[in-house]
There are 2 protein chains.
Amino acid sequence: MRAASARNLHGHVTQELGVRIVSGALRPGESLPREEVLAEQMAVSRTALREAMRVLSAKGLIEARPKVGTRVREERYWQQLDADVLAWRCASMPTADFVQKLVEMREIFEPAAAALAARRSNAEQFERIEAAYQAMEASRNTDEWAEADLEFHEAVLIATNNELMISLFSVVETALASYFVLSARKSSDFKYSLPYHRKVYEAIRKRQPDVARRAMLQMILDSRAHITGKRRSGKQA
Amino acid sequence: MRAASARNLHGHVTQELGVRIVSGALRPGESLPREEVLAEQMAVSRTALREAMRVLSAKGLIEARPKVGTRVREERYWQQLDADVLAWRCASMPTADFVQKLVEMREIFEPAAAALAARRSNAEQFERIEAAYQAMEASRNTDEWAEADLEFHEAVLIATNNELMISLFSVVETALASYFVLSARKSSDFKYSLPYHRKVYEAIRKRQPDVARRAMLQMILDSRAHITGKRRSGKQA
DNA sequence: CGCATGCATATAATCATACAATATGCTCAG
DNA sequence: CTGAGCATATTGTATGATTATATGCATGCG
């Protein structure tokens, strides 16, 4: 997973506390021990702890004030779309209904993105979509397919020329990828969704927004139907 | 604006550097002075500077490594949906086309949210929508209207039961609000969009997702048509 | 008795300094 | 020419001291 935190010490501390909060082990309103104590408990210096706290504070998970201490903030203040926060949820939630929420986001944005791409992608952006599609056609195994598939969706998103949408996509997609290999299926028919992709690709080429939207939606709905229940094993690092 | 940064010293530093990066004064790939120097330049201790750097790093704006220094990362790594990043853009961008992108996001997810709300809002959530609608009906001036209006949209989003969507809404809405008073119009007919809201409200009550979606879309499109060009004055703090 | 005002105190915020870890690139032997 | 290892610059971590800021209590005034 590691969206950002790993190598450094304060990274570990951030993650440790982040997971504790997001998982509910530390509940909103609850106060953390004071810096000195907490630093000792986690066997790090106050410096490292404070840098971690600062990050968590920026993500809206905690709030620190002199005299009163540091408390966990209510969920509505959390930056739910932050890559780390999302990753921590993936590492701690009961999964099922959270995946549903991620898929829901995807169902809303990807079709809209396809429509936008059809409306105003430029030559360079279209070529990237085309290349990705051709790579999918040419793929010889599930790995090649998966790579080209991801590239196709990313290329479509980029063609929207809206970096907010691109960011949302990458965040949601990354989170989903931690649960299962997207578009996965038995290796025998890993190209089953190629026709859907072709429809989307053609619609973008012909600049038919509505067609592109519908094709993308169909693709996702079909994909969801086949993915449901096929989650990956582990996850808890 | 101030999404998070203000009171504290490192908050100021974070904001200062954040704006410099987002505005393009510091470009991707460019290296920042070493900590000691930069700290002196900004007249703060290394501690304060580092806490700010840590936050910017968490937002994907910079990357620090021993020996090589700290560099500005490429835009594709930025957490574009972070409240602060968005705020910094609002404070520095050429505006016009960025607003367009924000509105675009809104046009995509608000109708979808209305549909979801119609499908599965619970009693308590519906009552909040109802109360907001009634407050809009009862409003006597633009201020009361604006408050109830915002509450209406927020209530609809909350009724989706998808906190990712709620978070997205609050982020986008906050950013947009920095440009103009949403749904603003001459005070004489500030209730012009009430019929649209009624349609949405009724559709949710009757659990008609498609009707709710279309009504919300109409509302936004109409609103956009009237808002275009009517931006607020200043902005550049 | 109630209310405002100021003071003591606990906690985070900031600072200064020292030392450790880590990449980078250069040197030098093979 | 190549690769191993060392020097070095920069961030990373640690520690201790000092300052700023809320909170709540005590105190005095109305």
Side-chain angles (χ1 to χ4, degrees), chain A residues 2-18 20-21 26-74 77 84, chain B residues 2-18 20-21 26-74 77 84:
Chain A
R2 77 197 59 267
S5 39
R7 239 196 326 273
N8 304 325
L9 183 51
H10 50 255
H12 281 115
V13 177
T14 307
Q15 190 167 325
E16 165 81 18
L17 291 175
R20 263 197 234 168
I21 293 172
L26 289 171
R27 313 186 119 221
E30 203 167 332
S31 275
L32 277 61
R34 19 186 282 260
E35 286 180 354
E36 205 177 4
V37 177
L38 189 52
E40 192 180 16
Q41 282 178 11
M42 306 191 80
V44 297
S45 70
R46 261 183 62 228
T47 309
L49 177 66
R50 276 185 60 81
E51 288 183 9
M53 302 274 247
R54 193 61 50 214
V55 172
L56 293 176
S57 175
K59 294 183 190 302
L61 297 190
I62 61 176
E63 191 177 25
R65 312 177 65 168
K67 172 72 179 183
V68 68
T70 305
R71 320 172 111 211
V72 178
R73 297 187 75 185
E74 299 198 12
Y77 295 112
D84 290 317
Chain B
R2 75 199 61 269
S5 39
R7 241 197 324 273
N8 304 327
L9 182 50
H10 51 255
H12 282 114
V13 177
T14 307
Q15 190 166 327
E16 166 80 18
L17 291 174
R20 264 198 234 168
I21 293 172
L26 289 171
R27 312 183 120 221
E30 204 166 332
S31 275
L32 277 62
R34 10 187 288 260
E35 289 179 351
E36 203 177 3
V37 177
L38 190 52
E40 192 180 14
Q41 282 178 12
M42 306 192 82
V44 299
S45 71
R46 226 184 117 209
T47 309
L49 176 68
R50 276 185 59 83
E51 287 183 10
M53 301 272 249
R54 197 59 51 211
V55 171
L56 293 176
S57 175
K59 295 183 190 303
L61 298 190
I62 62 176
E63 188 177 26
R65 312 176 66 171
K67 171 72 179 181
V68 67
T70 304
R71 321 172 110 211
V72 179
R73 299 186 75 184
E74 298 198 13
Y77 296 111
D84 289 318

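So that the names make sense, note that chain A is the first sequence line, chain B the second, and so on, each numbered from 1.
- Within the structure, the side-chain hydrogen bond (donor to acceptor under 3.5 Å, both in side chains) test picks out the following pairs touching residues 59-71 of chain A (sequence neighbours left out): A:K59-A:D82, A:K59-A:D84.
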Assess whether side-chain contact (heavy atoms from CB on, under 4.5 Å) is satisfied between B:V13 and B:L49, documenting all intermediate values.
-> CA-CA 7 Å; B:V13 177; B:L49 176 68; 3.9 Å; yes
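- Contacts of residues 39-51 of chain A with DNA chain C (heavy atom under 4.0 Å): A:R46, A:R50.
- Counting 5' to 3', DNA chain C first comes under 4.0 angstrom of a heavy atom of chain A and last does so at the ends given by C:dT9 to C:dA23.
- Between A:G18 and A:L56, the closest heavy-atom pair is CA-CD2, 4.0 Å.
- Distance check, rounded to the nearest 0.5 Å: CG of B:L32 to CD1 of B:I21 gives 6.0 Å.
- In summary, contact between chain B and DNA chain D, defined as any nucleotide atom under 4.0 Å from a heavy atom of the protein, begins and ends at D:dT8 to D:dA22 in the 5' to 3' direction.
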Side-chain atoms of residues 33-43 of chain B: list all donor-acceptor pairs with protein atoms under 3.5 Å, sequence neighbours left out, distances to 0.1 Å.
unit_1 : atom_1 : unit_2 : atom_2 : d
B:R34  : NH2    : B:E36  : OE1    : 2.6
B:E35  : OE1    : B:R46  : NE     : 2.7
B:E35  : OE1    : B:R46  : NH2    : 2.8
B:E35  : OE2    : B:R50  : NH1    : 2.6

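- Judged as a salt bridge (charged side-chain N to carboxylate O under 4.0 Å, His left out), and not counting sequence neighbours, A:E30 has no contacts.
- Summarising the geometry of A:M53 relative to A:L17, their closest heavy-atom pair is SD-CD1, 4.4 Å, with the distance given to 0.1 Å.
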Verdict with reasoning, B:R54 to A:R54, per side-chain contact (heavy atoms from CB on, under 4.5 Å) = CA-CA 8 Å; B:R54 197 59 51 211; A:R54 193 61 50 214; 5.6 Å; no
Using the side-chain contact (heavy atoms from CB on, under 4.5 Å) rule, take B:N8 and B:T14 through it: C-alpha gap first, then chi angles, then the decisive distance, then the call.
-> CA-CA 10 Å; B:N8 304 327; B:T14 307; over 6 Å; no
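- Rounding to the nearest 0.5 Å places CD of B:E51 at 10.0 Å from OG of A:S57.
- Residues from residues 60-71 of chain B lying near DNA chain C, meaning a heavy-atom separation below 4.0 Å, are B:P66, B:K67 in numerical order.
- In terms of heavy-atom proximity, A:H12 sits nearest to A:R7 at CE1-O, 3.9 Å.
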